[in-house]
J.: 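Please see the structure below; I have some questions.
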Protein chains: 2
Amino acid sequence: MKTKITLKELSKLLNVSVSTVSKALNDSPEISPKTAERVKELAALHNYKPNPVAVNLKKSKTGTIGVVIPNISNSFFARVLSGMEAEAQKHDLQVITYISNESLDREKQICELLTSGFVDGVLIAVSEETQRKKEYDHLFNLVEYEIPVVLYDRINVPLPADKVGVDDENSFYDATKFFRAKGIHDIGVVSAIHHLGVGKSRIKGHERAMPDGEELKLAVSSKADVLKQKIKDLISTKKIEALLCTDFESAIMSARIAYEENIKIPEQLKIIGYISKEVAEFLTPSISYVEQHPQEVGEKAMQLLSDRLEGKATAGRYSEKVIATNLVHLESTSF
Amino acid sequence: MKTKITLKELSKLLNVSVSTVSKALNDSPEISPKTAERVKELAALHNYKPNPVAVNLKKSKTGTIGVVIPNISNSFFARVLSGMEAEAQKHDLQVITYISNESLDREKQICELLTSGFVDGVLIAVSEETQRKKEYDHLFNLVEYEIPVVLYDRINVPLPADKVGVDDENSFYDATKFFRAKGIHDIGVVSAIHHLGVGKSRIKGHERAMPDGEELKLAVSSKADVLKQKIKDLISTKKIEALLCTDFESAIMSARIAYEENIKIPEQLKIIGYISKEVAEFLTPSISYVEQHPQEVGEKAMQLLSDRLEGKATAGRYSEKVIATNLVHLESTSF
DNA sequence: CTGAAAGCGCTTACAG
DNA sequence: CTGAAAGCGCTTACAG
């Protein structure tokens, strides 16, 4: 069993002071090359590693970042986390994860915890409930405590903070334009998240690509059975030719209903949805999707935070980055 | 802008010593009820929270747990993490996540970092590469540093540590028995992870439920195109009636090939697979799956670790928990 | 170039 | 019941 050696013990073995050992290991120019070498040698021999807790206390920082995730089972967020972790590694930062489960209360609890000094900064995608109720006091609280915050994905929050979002609006603008260019004009939009910022943006993008004044064909509801009925109405009764789905649930549901109603995809109905690559590719038929580059969202968010922690960002000025999306065409949009 | 108040500042305002304040806030019986109240009142007013870094240094612990995840895009692991986080919360532990991306090298790096004192304990599912090469020195290293380790999910590692696994073997034993009871005897097994411990266990469970000496009908390969060919052979040429799939990829691929070969599910071919609920339910047809209860795996793993940290576990004796699975029957196994 | 001292923000034996 | 002191393991002005 190995036991961790401390600076003090090292200094005793070397017959020099603790200060000297510390400086030597931190490559201080004050130390003579000779002793520096002696010290480093012994440190390596004993596999010395500074106690990070002590270093952090001394430096008044924690070296860790708090990441708040609304729902980790959503593969988008899982991949965002992966990007954050990769970027954190580059900056020697540790990532502490907190899962809000889309609950405002839990999110408040987490923010409360976060103000007590566990982390140097926070990356957060606010919960659904938070967005719905527009309660942001707990976030402002973080800012008041001078804890740098970066909002990611769900950035439609009036908070003085850096933000990294997905280009939701343009994704559906592009998708709509794509269909129209192919001569398809009866385009429906399906959404189970129309009440959230990202859902609204996507629908807005679609609207922007449609002729002025033309009524939109929407099937929206956060209740599964209601949504199901509305989709059925859209594709069976209204004979829509193409569907844009703002989320996993509505995309899968649309494909399913088409199957049940004996409407062939893509021959009679084309679909583009927000689904993760992993699932989209494997469906039968495979569903064309909007690639959101979650990894990049995570990397960028961590990068902005790290810049701010290192003083590379101007105080009081916040940047807002939008990660471009692109359409990946699979079977559901083949012509 | 609020700034964090310290014990010292508090003591100055109260005209008592730092020790007294500390004891009062920690409910020490040494302190008179009167001063205790005075102290607590002012602390509450100033929203005092002890600096966790200082507390941890004093107590020679970190209050954090390192969780190593092979692949966070795998929804099984995402849900395990969710369970860990929930349990950690109960014990006032923070969760630091590290993603190995199924790489042995990255895993070694992470373990190296972990030995330098960032965490009090480690929860790890070893990477695919680690399992394949059977290189466990970096894990033994953790143990030598007296950092408690709990292995989860991928527990087929000869390490003196607590372990929490999924009952892989029985899941396929049960599934096979289920088919046989229904009069189906031509059962095939498809696997893209036959080289991993969990894959082997699942296949073994199937074998155990088959009559002695009967040759197994396997389609296994970690290469997509090879596996595809083998599946096709199994269901088209060999006329298998039911398929057990050890993983997401092989399950989805099997369903896809059945579709392409015009073999009807479930009429001509039944399928049971290891797929997450979220996807299984939405497929057309929906695929019956093995529910693994990942949340529970995560909770249990964190619980074992917490027990050990709190001295509730006997040194040198390790427990191994197996979380039972159950079959969820959807369309692909309807009769 | 080396080391003694102060201090990061706490906790806890010990003395009074 | 209260407080002075030591100490957790470091870093860093400052003195020599």
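Side-chain atoms are counted along with the backbone in the values below, which use heavy atoms only and exclude waters and symmetry mates. Labels below follow one simple rule: chain letters A, B, ... track the order of the sequence lines, proteins then strands, and each chain is numbered from 1.
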J.: Between the side chains of B/Glu102 and B/Arg154, is the shortest nitrogen-to-carboxylate-oxygen separation below 4.0 Å, so that they form an ion pair?
T.: yes
J.: Is the backbone N or O of B/Lys49 less than 3.5 Å from a side-chain atom of B/Lys4, with the two atoms forming a donor-acceptor pair by type?
T.: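 Yes, the answer is positive, given that a donor and an acceptor are paired below the 3.5 Å cut-off.
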J.: For chain A and DNA chain C, what are the first and last nucleotides along the strand, 5' to 3', with at least one atom under 4.0 angstrom from a heavy atom of the protein chain?
T.: C/dC1 to C/dG9
J.: Minimum heavy-atom separation for A/Leu14 to A/Arg38, with atom names?
T.: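 Shortest heavy-atom separation between A/Leu14 and A/Arg38 comes out as O-NH2, 2.8 Å.
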J.: Tell me which one of A/Asn56, A/Thr64, A/Thr62 satisfies side chain to side chain donor-acceptor pair (under 3.5 Å) with A/Asp120.
T.: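 Result: among A/Asn56, A/Thr64, A/Thr62, A/Thr62 is the only option passing the side chain to side chain donor-acceptor pair (under 3.5 Å) with A/Asp120.
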J.: Rounding to the closest angstrom, what is the interatomic distance between D/dC1 and C/dC10 at atom P?
T.: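 Their P atoms lie roughly 25 Å apart.
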J.: Taking A/Glu85 first and then B/Arg106, would you say they form a salt bridge - that is, a charged N and a carboxylate O separated by under 4.0 Å?
T.: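 Result for this pair is yes, salt bridge flagged.
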J.: Keeping B/Asn26 on the side-chain end and B/Ser28 on the backbone end, is there a donor-acceptor pair under 3.5 Å?
T.: no
J.: With a 4.0 Å cut-off, would you call A/Glu87 and A/Lys90 a salt bridge?
T.: yes
J.: Under 3.5 Å, is there a donor-acceptor pair between the side chain of A/Glu9 and the main chain of A/Thr6?
T.: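 Side chain of A/Glu9 to backbone of A/Thr6: a pair is present.
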J.: Of B/Lys300, B/Lys321, B/Arg308, which meets side chain to side chain donor-acceptor pair (under 3.5 Å) against B/Asp162?
T.: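 So the option named by the test is B/Arg308.
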J.: Name the stems with DNA chain D in them: runs of three or more consecutive Watson-Crick or G-U pairs, distances under 3.5 Å?
T.: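 The stems are C:1-3 with D:14-16, C:5-12 with D:5-12, C:14-16 with D:1-3.
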J.: I need the residues from residues 22-33 of chain B with at least one non-hydrogen atom less than 4.0 Å from DNA chain D; give them sorted by number, or say none.
T.: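 Contacts with DNA chain D under 4.0 Å: B/Lys23, B/Glu30, B/Ile31, B/Ser32, B/Pro33.
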J.: Answer yes or no: is there a donor N or O on one side and an acceptor on the other, between the side chain of A/Asn101 and the main chain of A/Ser103, under 3.5 Å?
T.: no
J.: Of B/Val16 and A/Lys59, whose nearest nucleotide on DNA chain D comes first from the 5' end?
T.: B/Val16
